[in-house]
Amino acid sequence: MAEQEWVLIGLDEKMARRQGIPARIPVPKDQFEGLADEGLKIDSVRAWIKSFLTDSELGKSGAWRKQNAKIVSALEAFIDKAPLWERAQKAFAENDYEKAMSSLKRIAAMDADDHAARLNIAFAQTNAGDHAGALKSFQAVKATFTGDPDYHVAIGHLHMAASRVDDALNEMVLALEAKPDCQPALDALVKLGVLAPIYENPRDATSLTYVRKDAVADYLTGEWDKEPRTADFFLEQLAYHEREQRYAVVLAAAERAAKAAGGDVGPERAELARITALRLLGRREDALAAAEGYLAKAPRSAGGWVELGRCQGALGKLDDAKVSIDRALEADPGDLEALAIRFWPEDPADIQAVHGALPGLTAFVEAHPESAGAWRSLARAKLVVGLTDEALSLFAKAVALAPADDELRAEHWTELGKLDRFDELLAETKKLDDMPRRDWKLRWNEAEAYSRLGKKLEARACFTAINFDETLHVDVRRRAKRAVTSIDEGGAEAPPAS
């Protein structure tokens, strides 16, 4: 049998230190050409070195060993380190960082050029809470690991823990320079308040991008204005960024929605969002003027009167605000915001204050018996004071008055769910013959009821349908996907819709 032929190759010294591999290693000649495609694998390198030192004529040659003592020493040290590496890895898996450091320090003593061991000492120190020691260990291998994104992220997190914000920012930037899509660095910059994660299309997970937090509005309007958009597009953007409390973006979307719709006045949703955004951005006089201008064109808009009242209240015009809220209730006795301002206490969770407000609210509701919103507000008040059965009865009454209002129905079903009355909830679902086309919150309530009653197959089908509904916001679909996974794994039930 012919002796195995060997090639002694030299590695980039920086790369060798990063992996803890000798700078020169023996490679079987028949495997040399495949290295470019397969790369170096630690286990293979260790096997090659063992075979070379024990089996090859060159490796057994005393003369060759003497002439290449430094190379031989590095190869033997690499073999001797293997048990220590195994011990360190096992200790990491067991979260025994002191034990891991003990093994790693022995490796570093055996091979000063094994910077992989030194890096792992730094990680162990970090996990053990020795942040000062970890930073010192990271800095000791800076020349080797500069440009490695994980290295910069690790140091950045140490700076974050010590509130050294500028230093943390610098490290995260270096990580992104090395790897522009480095997710830990992006997440850290979000946490530091530098970047904002946004979906350019709230229904498309692949549209996630990261934008400087102080430039989100400029970025998005620049993208929006590249091509003609519909009012519906801007209304969807408005709703998404409203939930994220990006009021500068909401204002821009509202103005564009109104313009795209054409006519003297824009969609009510856009006009009201514009007023709210102006007020919350501190532009109170502008908001007041916008509310007055809108009401001049839409005097029967309850929402418009509510916004006018809020603007007046923000400017200290309390008597005017009260008149505006009364006008809102004249336009729509069931406007929930107007009812809350007119009848509810400042703290809606204050049981005693809500109890004191009940007579006035009840009298108003009884004077407007056909208003679903009025009954809904009263039902909420009954819940606060602990009259649960009365509250559920009032929710049902409100639903009967407004059967097409899915938000109202979802609130009723959510309250049933909170009380574990899932049989009743499912009985309500049977009354609807168009559940797949209903609001996602209703479908979520149905799925949760099946799950909590142990009907996993039905629950899984409902959550899967939500997950595959491309009309929904990506976050809702992800929640549904996690719920499916939880069911498959026999884990905890999914959280409620709200």
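Below, each value reflects all heavy atoms present in this structure, side chains not excepted, and no hydrogens, waters or symmetry copies. Remember, predicted model here, so these are calculated numbers, not experimental data.
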A.B. asks: Evaluate Thr230 against Asp232 for side-chain hydrogen bond (donor to acceptor under 3.5 Å, both in side chains), listing each step before the verdict.
C.D. replies: CA-CA 5 Å; Thr230 66; Asp232 285 343; 5.2 Å; no

A.B. asks: Regarding Lys50 and Asp55, does a basic nitrogen lie under 4.0 Å from an acidic carboxylate oxygen?
C.D. replies: no

A.B. asks: Could you go through the salt bridge (Lys or Arg N to Asp or Glu O under 4.0 Å) check for Lys41 and Asp43 one step at a time?
C.D. replies: CA-CA 6 Å; Lys41 298 177 182 178; Asp43 289 342; over 6 Å; no

A.B. asks: Kindly indicate whether the side chain of Met160, heavy atoms from C-beta on, has any atom under 4.5 Å from the side chain of Met172.
C.D. replies: yes

A.B. asks: Answer yes or no: is there a side-chain heavy-atom contact under 4.5 Å between Phe145 and Ile155?
C.D. replies: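 No; the side chains remain at least 4.5 Å from each other.
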
A.B. asks: Identify the heavy atoms of Ser137 and Ala122 that sit nearest to each other, and give their distance.
C.D. replies: CB-CB, 3.6 Å

A.B. asks: Any non-hydrogen side-chain atom of Leu40 less than 4.5 Å from a side-chain atom of Leu11?
C.D. replies: yes

A.B. asks: Any idea which heavy atoms bring Gln183 and Tyr210 closest together, and the distance?
C.D. replies: NE2-OH, 2.6 Å

A.B. asks: Would you say Trp6 and Ser51 make side-chain contact, with heavy atoms under 4.5 Å?
C.D. replies: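 With C-beta onward as the side chain, the pair touches.
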
A.B. asks: Are the side chain of Tyr97 and the backbone N or O of Gly129 linked by a donor-acceptor pair below 3.5 Å?
C.D. replies: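 Not confirmed, Tyr97 side chain does not pair with Gly129 backbone.
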
A.B. asks: Any carboxylate oxygen within less than 4.0 angstrom of a Lys/Arg side-chain nitrogen, looking at Glu337 and Arg310?
C.D. replies: yes

A.B. asks: Starting from the C-alpha separation in whole Å, work towards a yes-or-no answer on side chain to side chain contact (heavy atoms under 4.5 Å, CB included) for Arg460 and Asp488.
C.D. replies: CA-CA 8 Å; Arg460 190 184 192 285; Asp488 290 343; 2.8 Å; yes

A.B. asks: I want to check a possible cation-pi pair here: Arg274 against Tyr294, using under 6.0 Å from ring centre and within 45° of the ring axis as the test.
C.D. replies: no

A.B. asks: Ring of Phe468, cation from Arg477 - is the NZ or CZ under 6.0 Å from the centre and inside 45° of the axis?
C.D. replies: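 Because its charged atom misses either the 6.0 Å distance or the 45° angle limit, Arg477 does not stack over Phe468.
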
A.B. asks: Any carboxylate oxygen within less than 4.0 angstrom of a Lys/Arg side-chain nitrogen, looking at Arg65 and Glu76?
C.D. replies: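 Looking at Arg65 and Glu76, the cut-off is met.
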
A.B. asks: Would you indicate whether the side-chain heavy atoms of Leu195 and Val211 approach each other to under 4.5 Å?
C.D. replies: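 No; the side chains remain at least 4.5 Å from each other.
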
A.B. asks: Any non-hydrogen side-chain atom of Arg164 less than 4.5 Å from a side-chain atom of Leu135?
C.D. replies: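 Sidechains of Leu135 and Arg164: in contact.
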
A.B. asks: So that I can tick it off, tell me whether Asp96 and Lys90 are bridged by a salt bridge, with the cut-off set at under 4.0 angstrom between side-chain N and carboxylate O.
C.D. replies: no

A.B. asks: Can you confirm whether Lys14 is buried at NZ, in the sense that more than 12 heavy atoms of other residues, nucleotides or ligands lie under 6.0 Å from that atom?
C.D. replies: yes

A.B. asks: If the threshold is 4.0 Å, N to carboxylate O, is there a salt bridge linking Asp420 and Arg452?
C.D. replies: yes

A.B. asks: For a side-chain hydrogen bond (donor to acceptor under 3.5 Å, both in side chains) check, start with the C-alpha distance between Glu200 and Tyr219, then their side-chain angles and the critical distance, and finish with the verdict.
C.D. replies: CA-CA 10 Å; Glu200 294 181 328; Tyr219 171 78; 2.2 Å; yes

A.B. asks: Walk me through it: do Asp114 and Lys81 pass the test side chain to side chain contact (heavy atoms under 4.5 Å, CB included)?
C.D. replies: CA-CA 10 Å; Asp114 191 335; Lys81 291 185 298 184; 2.7 Å; yes

A.B. asks: Show the nearest heavy-atom pair for residues Asp439 and Glu407, with the distance to one decimal.
C.D. replies: OD1-OE2, 4.3 Å

A.B. asks: Donor-acceptor pair, Arg18 side chain versus Ala116 backbone, under 3.5 Å?
C.D. replies: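 Not confirmed, Arg18 side chain does not pair with Ala116 backbone.
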
A.B. asks: Rounded to the nearest 0.5 Å, what separation is found between the CD atom of Glu489 and the CD1 atom of Ile487?
C.D. replies: 11.0 Å

A.B. asks: How far does NE2 of His157 sit from CG of Asp187, to the nearest 0.5 angstrom?
C.D. replies: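 Spacing of NE2 (His157) from CG (Asp187) equals 8.0 Å.
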
A.B. asks: For the residue pair Ala77 and Met110, what are the closest heavy atoms and their distance?
C.D. replies: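 So the minimum-distance heavy-atom pair works out to O-CE, 4.0 Å.
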
A.B. asks: Under 3.5 Å, is there a donor-acceptor pair between the side chain of Glu271 and the main chain of Gly266?
C.D. replies: yes

A.B. asks: Return the CZ to CG distance between Arg256 and Asp225, rounded to the nearest 0.5 Å.
C.D. replies: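 If I round to the nearest 0.5 Å, the distance is 4.5 Å.
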
A.B. asks: Between Glu446 and Arg443, is the closest basic N to carboxylate O distance under 4.0 Å?
C.D. replies: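 Looking at Arg443 and Glu446, the cut-off is not met.
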
A.B. asks: Whether Glu470 and Arg203 form a salt bridge (side-chain N of Lys/Arg under 4.0 Å from carboxylate O of Asp/Glu) is what I want to check.
C.D. replies: no

A.B. asks: Heavy atoms only: give me the nearest Leu75-Ile25 pair and the separation to one decimal.
C.D. replies: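 Heavy atoms of Leu75 and Ile25 come nearest at CD2-CA, 4.4 Å.
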
A.B. asks: Report the C-alpha separation of Asn127 and Asn95 in whole Å, then their side-chain angles, then the decisive distance to 0.1 Å, and conclude whether the side chain to side chain contact (heavy atoms under 4.5 Å, CB included) test is met.
C.D. replies: CA-CA 8 Å; Asn127 288 322; Asn95 297 325; over 6 Å; no

A.B. asks: Counting distance only, does the side-chain N/O of His152 pair as donor-acceptor with the main-chain N or O of Val173 below 3.5 Å?
C.D. replies: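 Looks like no, no N/O pair under 3.5 Å.
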
A.B. asks: Could you go step by step and tell me if Tyr247 and Arg279 meet the side chain to side chain contact (heavy atoms under 4.5 Å, CB included) rule?
C.D. replies: CA-CA 9 Å; Tyr247 295 112; Arg279 176 168 53 81; over 6 Å; no

A.B. asks: Taking atom CG of Leu308 and atom CG of Leu288, what is their separation to the nearest 0.5 Å?
C.D. replies: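 The CG atom of Leu308 sits 6.0 Å away from the CG atom of Leu288.
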
A.B. asks: Search all heavy atoms of Ala168 against all heavy atoms of His159 and return the closest pair with its distance.
C.D. replies: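 Looks like N-CB, 3.6 Å.
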
A.B. asks: So, does Asp148 use its side chain to make a donor-acceptor pair with the main chain of Tyr151 at under 3.5 Å?
C.D. replies: yes

A.B. asks: Using modelled atom types and a 3.5 Å cut-off, is there a donor and acceptor pairing between side-chain atoms of Ser102 and backbone atoms of Glu98?
C.D. replies: no

A.B. asks: Looking at Phe463, is its backbone amide N or carbonyl O close enough to the side chain of Asn467 to form a donor-acceptor pair, meaning the two atoms are under 3.5 Å apart?
C.D. replies: no

A.B. asks: Indicate yes or no: does Asp113 engage Arg17 in a salt bridge with an N to O separation below 4.0 Å.
C.D. replies: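 No, no charged N to carboxylate O under 4.0 Å.
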
A.B. asks: Take the angle between the ring planes of Tyr240 and Tyr199 and call it parallel below 30°, perpendicular above 60°, tilted in between.
C.D. replies: tilted

A.B. asks: Does any N or O in the side chain of Thr221 come within less than 3.5 Å of the main-chain N or O of Asp218, such that one atom is a donor and the other an acceptor?
C.D. replies: yes

A.B. asks: Do you see a donor-acceptor pair shorter than 3.5 Å between the side chains of Gln4 and Ser56?
C.D. replies: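 Absent: no donor and acceptor within the cut-off.
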
A.B. asks: Is the gap between the ring centers of Phe92 and Phe123 under 6.0 Å?
C.D. replies: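 No - the distance between ring centres of Phe92 and Phe123 does not fall below the 6.0 Å cut-off.
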
A.B. asks: Without swapping roles, check the side chain of Arg229 against the backbone of Trp224 for a donor-acceptor pair under 3.5 Å.
C.D. replies: yes

A.B. asks: Any chance you could measure Met101, atom CE, to Leu104, atom CG, to the nearest 0.5 Å?
C.D. replies: 9.0 Å

A.B. asks: Does the pair Trp64 and Phe52 meet the rule for a ring-ring contact (aromatic ring centres under 6.0 Å, His included), with working shown?
C.D. replies: CA-CA 12 Å; Trp64 183 88; Phe52 175 78; 5.5 Å; yes

A.B. asks: Quick one: pull up CZ in Arg246 and NE2 in His241 and give me the separation to the nearest 0.5 Å.
C.D. replies: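 If we round to the nearest 0.5 Å, Arg246:CZ and His241:NE2 are 5.5 Å apart.
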
A.B. asks: Looking only at atom types and distance, does a side-chain atom of Lys105 sit under 3.5 Å from a main-chain N or O of Ala117, one as donor and one as acceptor?
C.D. replies: no

A.B. asks: Is there a side-chain contact between Asp469 and Trp440, using heavy atoms and a 4.5 Å cut-off?
C.D. replies: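 A side-chain contact is absent here, since even the closest heavy-atom pair is not under 4.5 Å.
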
A.B. asks: Any heavy-atom pair between the side chains of Ile275 and Cys311 that's under 4.5 Å?
C.D. replies: yes

